[in-house]
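Here the structure comes first, spelled out in structure tokens, and everything after it is commentary.
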Amino acid sequence: MSAKIYRPAKTAMQSGKAKTHLWVLEFDQERPRTIDPIMGYTSSADTRQQVRLTFESAEQAIAYAERNGIEYRVIAPKDAARKNVSYSDNFRFNRTQPWTH
């Protein structure tokens, strides 16, 4: 039984950073998924894939995994590199690309 511990990135549908400060522990897939031949549904007998635990910090998630004997890997979060852009730069005289309508 192995799991990954990570801090989720913000979704493309939100502009804020809500729900991105928590750390998540998710179990890895142990058995392959199967396709039902009649209905075509994808199913799995592995119920641990449905479990998603949230923690306030990475240390708490690591402590939980060690306390319960779960192999884990920590995926470090990547912070977005923000570039300050001014609206007036669109009309700058020395632009590298021509301005089009």
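Under the 4.5 Å side-chain criterion, counting only non-hydrogen atoms from C-beta, Leu22 is in contact with Glu56. Gln49 is listed as a side-chain neighbour of Ser44, based on a closest heavy-atom distance under 4.5 Å. You'll find the side chain of Phe27 reaches within 4.5 Å of the side chain of Met1, heavy atoms only.
In this structure, Arg7 CZ and Thr54 OG1 are separated by 14.5 Å, a value rounded to the nearest 0.5 Å. Atom CG of Asp46 is separated from atom CD of Glu30 by 5.0 Å, given to the nearest 0.5 angstrom. With rounding to the nearest 0.5 Å, the separation of CZ in Arg31 from CZ in Arg48 is 9.0 Å. The OG atom of Ser2 sits 10.5 Å away from the CD atom of Gln29 when rounded to the nearest 0.5 Å. Here the CZ atom belonging to Arg73 is positioned 6.5 Å from the NZ atom belonging to Lys4, to the nearest 0.5 angstrom. Rounding to the nearest 0.5 Å places CD1 of Ile5 at 11.0 Å from CD of Gln60.
Scanning all heavy atoms of the two residues, the minimum distance from Thr20 to Ala9 falls at CG2-C, 3.9 Å.
Under a hydrophobic-cluster definition in which Ile, Leu, Val, Met, Phe, Trp and Tyr are linked whenever side-chain heavy atoms come within less than 4.5 Å, directly or via other members, Val51 and Ile70 are assigned to the same cluster. The hydrophobic clustering, which links ILVMFWY residues whose side-chain heavy atoms are closer than 4.5 Å, places Leu25 and Tyr72 together. By the criterion of side-chain heavy atoms lying less than 4.5 angstrom apart, applied directly or through intervening Ile, Leu, Val, Met, Phe, Trp or Tyr residues, Phe55 is grouped together with Ile62 in one hydrophobic cluster. Cluster annotation: Ile75 is not connected to Trp23 through the hydrophobic network of ILVMFWY side chains, with a link wherever side-chain heavy atoms come within less than 4.5 Å.
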Can you give me every donor-acceptor pair (side chain of residues 32-39, partner residue at least two apart or in another chain, under 3.5 Å) with its distance?
from: Thr34; atom 1: OG1; to: Ser43; atom 2: OG; distance (Å): 3.4
from: Asp36; atom 1: OD2; to: Ile38; atom 2: N; distance (Å): 3.4
from: Asp36; atom 1: OD2; to: Met39; atom 2: N; distance (Å): 2.8

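Atom CG of Asn84 has 12 or fewer neighbouring heavy atoms from other residues, nucleotides or ligands inside a 6.0 Å radius.
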